[in-house]
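Scroll down for the structure; my scribbles are underneath it.
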Amino acid sequence: MNVRRSAAVLAAVAVVGAAAPAAAAPSPSPSQALPSALYGDKDPRYDGVWRQSLALLAQHTVGVKPAAKSVEWLVRQQCADGSFAPYRADPTAACDARTMVDTNQTAAAVQALTALGGHDAVTGKAVTWLKKVQNKDGGWGYAPGGASDTNSTSVVIGALTAAGEKPEQVEKGGKSPYDALLTLALGCDGDDAGAFAFQPDKKGELAANADATAAGVLGAPGKGMVVKPGEKTEAAKGRACEGKNKKTPEQVAADGAAYLTEALAKDGHLTSPTPGSDPQPDYGNTADAVVALAAHGDTGQAAKSLRWLEKNSASWAAQNGPAAYAQLIFAAHATGTNPRDFGGTDLVKRLNATGPAPQTGGKTRAADEKSDSDVFGVWWYVGVCLVAGVGIGFLFSGRRKRQQP
């Protein structure tokens, strides 16, 4: 569910599929060409549907009714077979073999449109497509036919649950999504006991991945992006990994929560290794971990990490836009925190300002409403264009790091 992960993997998939040169950069002035219904002002080719879905879902979660044209834009991004691509500039043109559809964008759209209501035909087609591209191990990869991974399988589970399906009954080859998740859990031996891997590496080995673990802790009990705080349980810190014998989805979720609590305990946040520099705070994955822990009932560490986000995430959210604000809103909601006073920031107002004014009111991204963070975003985009070649290489590097121990 991390916005950074979503964009990165999609970019890698798009480059591989199209055999594009590594130095290819986004369009130079996306703000002039983007639909007025779209949230965010960055190039949407890799995450348009993802960020739109998260923005609409977050607005709904806090009682804001999104602009009708923004919902309609999302609906019109669907292909005839039910799948969603990240961004189709001309939704009247039919999707074909070159259209890079994926499970994550599709599952996110299902969760958003189901929550908003009135789109059963759209979500029904999407769920049918997701079932069609399910792997024989019961899980899903990012792209249809790709090897199953924890993140993709979990976001699809959230979509199935939202649409009224019972994930345990959605099977391929006699395997359900939960069977796939069980194979991606590391078990209770070693320093990384309880964690989930993103995918097995080429040798079939599993390596702990905090992003995947946060996704697995939500997916294993059948939950989506928006959760209410779970019933408070004992603190997970120091608790032994529970799944010693035959594992169940409930056990691996508890084990994963224990792993996350330990990973967060030192600094209050997760880290993201950056090539050539010291590890940096990973704001998006930390927000996801807060949601996962709160849903599981491990509210102590969830609250501590949320306070860290309140103090430190403003610049990250301003840079990354609507999906980042949505992730913080989900974390606040899961912990019972007011997203309109998030460390002094009104997350709902900031999210609303990245797109059309919602039907219940709210500000648009007019010039007189721009803040210093908006100016920062412009320079950030220029920087992205200048280092696009390096960026694509980093995307592939990051993907390999997820899959290798």
Side-chain angles (χ1 to χ4, degrees), residues 1-8 10-11 14 24-59 64 66-77 84-91 104-105 108-109 112 283-284 287 313-329 339 345-359 361-388 391-392 395:
M1 291 188 289
N2 186 341
V3 60
R4 179 179 55 80
R5 173 191 176 274
S6 176
L10 269 173
S27 54
S29 56
S31 61
Q32 298 178 8
L34 296 186
S36 62
L38 181 65
Y39 279 80
D41 59 3
K42 304 297 189 294
D43 189 332
R45 288 182 294 173
Y46 306 137
D47 74 337
V49 164
W50 178 265
R51 76 194 194 203
Q52 190 85 348
S53 298
L54 267 64
L56 300 180
L57 185 58
Q59 287 181 321
V64 173
K69 66 178 182 179
S70 291
V71 179
E72 181 62 19
W73 180 89
L74 180 59
V75 169
R76 296 187 68 206
Q77 290 295 301
F84 282 79
Y87 178 72
R88 297 198 295 130
D90 180 8
N104 285 220
Q105 311 273 345
Y283 303 94
S313 64
S315 295
W316 167 79
Q319 175 179 328
N320 287 279
Y325 284 122
Q327 284 180 275
L328 294 177
I329 288 173
T345 297
D346 186 339
L347 296 176
V348 179
K349 181 179 179 181
R350 293 292 179 88
L351 173 60
N352 291 346
T354 66
Q359 294 185 50
K363 293 185 178 181
T364 63
R365 48 187 170 208
D368 61 346
E369 295 164 355
K370 287 187 176 180
S371 63
D372 292 340
S373 63
D374 295 311
V375 176
F376 176 79
V378 172
W379 287 108
W380 176 85
Y381 186 81
V382 172
V384 168
C385 293
L386 291 175
V387 299
I392 293 297
L395 296 176

Q.
Assess the residue pair Trp50 and Asn104 against the criterion (side-chain contact (heavy atoms from CB on, under 4.5 Å)); give the C-alpha distance rounded to whole Å, side-chain angles, the decisive distance to 0.1 Å, and a yes or no.
A. CA-CA 8 Å; Trp50 178 265; Asn104 285 220; 4.0 Å; yes
So how far is it from [X] [atom1] to [Y] [atom2], rounded to the nearest 0.5 Å?
{"X": "Leu351", "Y": "Gln59", "atom1": "CG", "atom2": "CD", "result": "5.0 Å"}
{"X": "Asp43", "Y": "Tyr87", "atom1": "CG", "atom2": "OH", "result": "8.5 Å"}
{"X": "Thr354", "Y": "Asn320", "atom1": "OG1", "atom2": "CG", "result": "12.0 Å"}
{"X": "Ile329", "Y": "Arg350", "atom1": "CD1", "atom2": "CZ", "result": "11.5 Å"}

Q.
Pair Gln327, Trp316 - check side-chain contact (heavy atoms from CB on, under 4.5 Å), show working.
A. CA-CA 12 Å; Gln327 284 180 275; Trp316 167 79; 3.8 Å; yes
Q: Taking the side chain as every heavy atom from C-beta outward, state whether Pro358 and Val64 have any atom pair closer than 4.5 Å.
A: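 SC-SC contact between Pro358 and Val64 confirmed.
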Q) Considering only heavy atoms from C-beta outward, does the side chain of Lys69 approach that of Pro356 to under 4.5 Å? A)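 They are in contact (side-chain heavy atoms under 4.5 Å apart), so the answer is yes.
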Q.
Quick check on side chain to side chain contact (heavy atoms under 4.5 Å, CB included): which of Leu34, Leu74, Leu56 does Tyr39 satisfy it with?
A.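 For Tyr39, the side chain to side chain contact (heavy atoms under 4.5 Å, CB included) test succeeds with only one of Leu34, Leu74, Leu56, which is Leu56.
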Taking all heavy atoms of [X] and all of [Y], pick out the closest pair and write down the distance.
{"X": "Gln319", "Y": "Lys42", "answer": "O-NZ, 3.9 Å"}
{"X": "Leu38", "Y": "Pro44", "answer": "CD2-CB, 3.7 Å"}
{"X": "Ala108", "Y": "Leu54", "answer": "CB-CD1, 4.4 Å"}

Q) Under the side chain to side chain contact (heavy atoms under 4.5 Å, CB included) test, which residues partner Ala317, sequence neighbours left out? A)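 Side chain to side chain contact (heavy atoms under 4.5 Å, CB included) list for Ala317, sorted by chain: Ala324, Tyr325, Leu328.
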Give a yes or no answer on whether the side chain of [X] reaches the backbone of [Y] with a donor-acceptor pair at less than 3.5 Å.
{"X": "Gln77", "Y": "Phe84", "answer": "no"}
{"X": "Gln105", "Y": "Ala85", "answer": "no"}
{"X": "Ser53", "Y": "Ala112", "answer": "no"}
{"X": "Arg88", "Y": "Arg76", "answer": "yes"}

Q | Test side-chain hydrogen bond (donor to acceptor under 3.5 Å, both in side chains) applied to Gln52 - qualifying residues, sequence neighbours left out | A |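 Scan of Gln52 (side-chain hydrogen bond (donor to acceptor under 3.5 Å, both in side chains), adjacent residues dropped) gives none.
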